Amino acid sequence: MMITPPHSECELLTRAQALAGLSLGKLAQELGLAVPKQQLYAKGWIGELIELKLGANAGSKPEPDFIELGIELKTLPINHLGKPRESTFVCSINLNEERTIAWENSTVWRKLRRVLWIPIEASPTIPLAERKIGMPLLWSPNPEQTQILQMDWQELTTMISFGQINQISAKLGRYLQIRPKAAHAKSLCWGLNEYGEPMLTLPRGFYLRASFTEQILKQYYI
DNA sequence: AAGTGATCATAA
DNA sequence: TTATGATCACTT
């Protein structure tokens, strides 16, 4: 089943709003998909389900999901208190080229400048098929948030460019952090060591801290 | 209970 | 192997 991409931001938002209150089971049924028995082996299923329904068309390109609209789609797992259960993956990091890119052209900024957040009930006590889709939020970082995101990105990217990849931990960064993004701890990709020489290391990605996405939710519910 | 590091599925 | 979609699970 192929769904046409939305032609405008307004159309996308309207489509997303129409999903609010719908259960994942109902949506899957509508699209002719089976609900996985365990999320452990289908971690990205919810995101892919929503992408399919809304007509996202970026595939696995390092671009916002709705390329023409410049909008990134993110599902946000919410616990019974209404808070994010997890951090949010933003993008993979090219450990060789990140340093040559300006913030304005970075994948982090191109994805975060406009995000359609879709809250999803995610308490483990609720069966996957019964979890409901929440009201979407079409968000852009405000100037303060943008500045902090940029500072985090700059600090972390500078470390990468100075060959300090092995000194980066998830403790760094106020809103953005870098964590492994790999099949397993033995996955390898090329980066640079402190002498600027190629070095094999673990693939990494940028993530948004759950405390930051919680702040985003509050921005809208006040 | 958070937060960090590890892991799972899939396409190109 | 790279990118996407993320959540799992161990440590603190």
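Owing to the predicted nature of the structure, the values given are computational and were not obtained by experimental measurement. Values below: every heavy atom of this structure, side chains too, minus hydrogens, waters and symmetry copies. Each chain gets a letter, A, B and so on, in the order its sequence line appears, and its residues count up from 1.
Taking the side chain as every heavy atom from C-beta outward, A/Phe206 and A/Ile178 approach each other to under 4.5 Å.
In this entry the distance linking CD of A/Glu72 with P of C/dA3 reads 14 Å, nearest Å. To the nearest angstrom, P of C/dT4 lies 15 Å from CG of A/Asn57. In this structure, A/Leu24 atom CG and C/dG5 atom P are separated by 17 Å, rounded to whole Å. Computed from coordinates, the A/Ile168 CD1 to B/dG5 P distance equals 11 Å when rounded to whole Å. Atom CG of A/Leu52 and atom C1' of C/dG5 are 13 Å apart (whole Å). If you measure from atom CD of A/Glu48 to atom P of C/dA6, you get 8 Å, rounded to the nearest angstrom. In this structure, CZ of A/Arg204 is placed 15 Å from P of B/dT4, rounded to the nearest angstrom. If you measure from atom CG of A/Leu176 to atom C1' of B/dG3, you get 16 Å, rounded to the nearest angstrom.
Closest-nucleotide positions on DNA chain B for A/Ala185 and A/Asn79 were compared, and the one nearer the 5' end corresponds to A/Asn79. Between A/Tyr41 and A/Ile178, the residue anchored nearer the 5' end of DNA chain B, judged by the nucleotide with its closest heavy atom, is A/Ile178. Residue order along DNA chain C, read from the 5' end via each residue's closest nucleotide, puts A/Pro203 first among A/Val90 and A/Pro203. Comparing A/Ser187 and A/Cys91 by the nucleotide of DNA chain C that holds the closest heavy atom to each, the one mapping nearer the 5' end is A/Ser187.
For DNA chain B, each stem of at least three Watson-Crick or G-U pairs (distances under 3.5 Å) is given as range with range: B:1-12 with C:1-12.
Listed nucleotides C/dG5, B/dT7, C/dA3 differ in distance to A/Glu51; the shortest reach to its side chain belongs to C/dG5. The side chain of A/Cys189 has C/dT2 as its nearest neighbour among C/dG5, C/dT2, B/dA11. Distances were taken from every side-chain heavy atom of A/Lys181 (C-beta onward) to each of B/dG5, C/dA3, C/dA6; the shortest belongs to C/dA6.
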Short heteroatom pairs, N/O only, protein and nucleotides 7-10 of chain C, under 3.5 Å:
{"from": "C/dT7", "atom 1": "O2", "to": "A/Lys43", "atom 2": "NZ", "distance (Å)": "3.1"}
{"from": "C/dT7", "atom 1": "O4", "to": "A/Arg179", "atom 2": "NH2", "distance (Å)": "3.3"}
{"from": "C/dC8", "atom 1": "O4'", "to": "A/Lys43", "atom 2": "NZ", "distance (Å)": "3.4"}
{"from": "C/dC8", "atom 1": "N4", "to": "A/Glu86", "atom 2": "OE1", "distance (Å)": "3.0"}

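The two atoms that bring A/Cys189 and A/Leu95 nearest to each other are SG-CD1, 3.7 Å, heavy atoms only. Taking every heavy atom of both residues into account, A/Arg85 and A/Ile78 meet most closely at CG-C, 4.3 Å.
A donor and an acceptor atom, one from each side chain of A/Glu68 and A/Asn57, are located under 3.5 Å apart.
Taken from CH2 in A/Trp103 to CG in A/Leu149, the straight-line distance is 5.0 Å, to the nearest 0.5 Å. Separating the CG atom in A/Leu69 from the CG atom in A/Leu13 is a distance of 11.5 Å, to the nearest 0.5 Å.
Contact between the side-chain N/O atoms of A/Arg209 and the OP1/OP2 oxygens of B/dA2 is not found at any separation under 4.0 Å. Regarding contacts with the backbone of C/dG5, a side-chain N or O of A/Lys74 is found under 4.0 angstrom from either OP1 or OP2. Phosphate contact (OP1/OP2 of C/dG5, side-chain N/O of A/Lys111, threshold under 4.0 Å): present.
For A/Arg113, the CZ atom counts as loosely surrounded, since its 6.0 Å shell holds 12 or fewer non-hydrogen atoms of other residues, nucleotides or ligands. The 12-atom threshold is exceeded at CE of A/Met199, counting heavy atoms of other residues, nucleotides or ligands nearer than 6.0 Å.
Side-chain atoms of A/Lys61 stay outside donor-acceptor range of the base of C/dT2, with no qualifying N/O pair under 3.5 Å.
Here A/Pro180 lies in heavy-atom contact (under 4.0 Å) with a base. Nucleic acid contact class of A/Glu63 (heavy atoms, under 4.0 Å, all strands): none. Among the atoms of the strands shown, base atoms are found under 4.0 Å from some heavy atom of A/Ala182.
Linking ILVMFWY side-chain heavy atoms closer than 4.5 Å, directly or via other members, places A/Ile216 and A/Tyr175 in a single hydrophobic cluster.
Panel note: side chain A/Arg131, backbone A/Pro77; no donor-acceptor pair is recorded below 3.5 Å.
Here A/Lys83 pairs with A/Glu214 under the salt bridge (Lys or Arg N to Asp or Glu O under 4.0 Å) rule; sequence neighbours left out.
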